[in-house]
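Here the structure comes first, spelled out in structure tokens, and everything after it is commentary.
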Amino acid sequence: MAQEPVKLDATARDRVGKGAARQARREGKIPAVIYGAKKPPVSINLDANTLWKQYLKGHFTSTVFEINVGPDMHRVIARDLQLDPVRDTPVHADFLRIADDGLVRIDVPVKFVNDQLSPGLKRGGVLNIVRHDVEVFCPYDRIPAYFEIDLEGTKIGQSIHISSVNLPQGVTPTITDRDFTIATIAGRIKDDGGDEGEGAAASAATDAKAPG
């Protein structure tokens with residue numbers, strides 16, 4: 001199901017810099033910038049409480065926002081929310097405009113299910129997660145909450161690659177030159193020093209060192 005964009009109201013910032021940012025925070029605002037899509041950046045202020053509540057809901061960087069700045073509406077996704085290292089409160093936000101083609105580049109978390117139905121894990125194997133997130137291109141209104149990977153039937157030494165993940169229509173990995181590893185079922189160390197999951201572990205290590 002397509003997610004409904006979250007609407008936020010903002011005011012344009014006439015001044016930028018540390019002084020203007022501190023003044024905004026004293027007034028209960030968070031300075032932010034909207035950039036991308038080959039358009040000039042727009043400096044704005046957002047209500048601090050409203051933005052913080054959105055952050056605490058989770059999935060902040062995969063949520064689509066419609067930010068109204070006067071008569072202009074900007075459809076964006078959050079790229080970063082900087083927090084004060086001492087107070088742990090927001091101090092600045094970055095938003096990326098969604099381009100006219102509607103595609104966004106985003107990390108989608110991976111969720112594993114049916115671990116109790118994995119023969120490899122039942123034998124004492126360990127789920128070695130190589131990628132907790134998968135970076136993809138996808139339409140802004142069809143951002144997956146997560147990719148589900150079924151561990152039923154997986155055995156020691158088995159690798160789980162991106163090709164085994166059921167990707168929704170219009171969603172493609174940013175890495176296209178190889179069938180990269182997401183996780184392996186690694187085995188226990190044998191008495192002779194061998195590893196039941198040695199092949200899978202080596203494959204995962206190679207993938208993890210590869211660019212991207």
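We number each residue from 1, following the sequence as shown.
- Residues Thr11 and Asn45 are in side-chain contact: their nearest non-hydrogen atoms beyond the backbone lie under 4.5 Å apart.
- Contact annotation: the side chain of Leu51 approaches that of Leu81 to within less than 4.5 Å [non-hydrogen atoms, C-beta and beyond].
- Under the 3.5 Å distance criterion, with hydrogens and angles disregarded, no donor-acceptor pair is assigned to the side chains of Thr89 and Asp84.
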Query raised in the report: Where do Leu96 and Val76 land on the side chain to side chain contact (heavy atoms under 4.5 Å, CB included) test, with the steps shown first?
Result: CA-CA 5 Å; Leu96 177 67; Val76 302; 5.9 Å; no

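- A cation-pi geometry, defined here as NZ or CZ lying under 6.0 Å from the six-membered ring centre and within 45° of its normal, holds between Arg131 and Phe180.
- Within a 6.0 Å sphere centred on CZ of Phe60, other residues, nucleotides and ligands contribute more than 12 heavy atoms.
- Here the side chains of Ile149 and Val113 are not in contact, with every heavy-atom distance at 4.5 Å or above.
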Requested in this report: Check the pair Ser159 / Thr184 against side-chain hydrogen bond (donor to acceptor under 3.5 Å, both in side chains), numbers first and verdict last.
Outcome: CA-CA 4 Å; Ser159 295; Thr184 64; 5.6 Å; no

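- Glu135 has its side chain out of reach of Ile106: every pair of non-hydrogen atoms, C-beta onward, lies at least 4.5 Å apart.
- Side chain of Arg13 to main chain of Ala32: a donor-acceptor pair is present (N/O by atom type, distance under 3.5 Å, no hydrogens or angles).
- Within the 4.5 Å cutoff, the side chain of Pro144 has heavy atoms near those of the Cys138 side chain.
- The ring of Phe147 has its center no closer than 6.0 angstrom to the ring center of Phe112.
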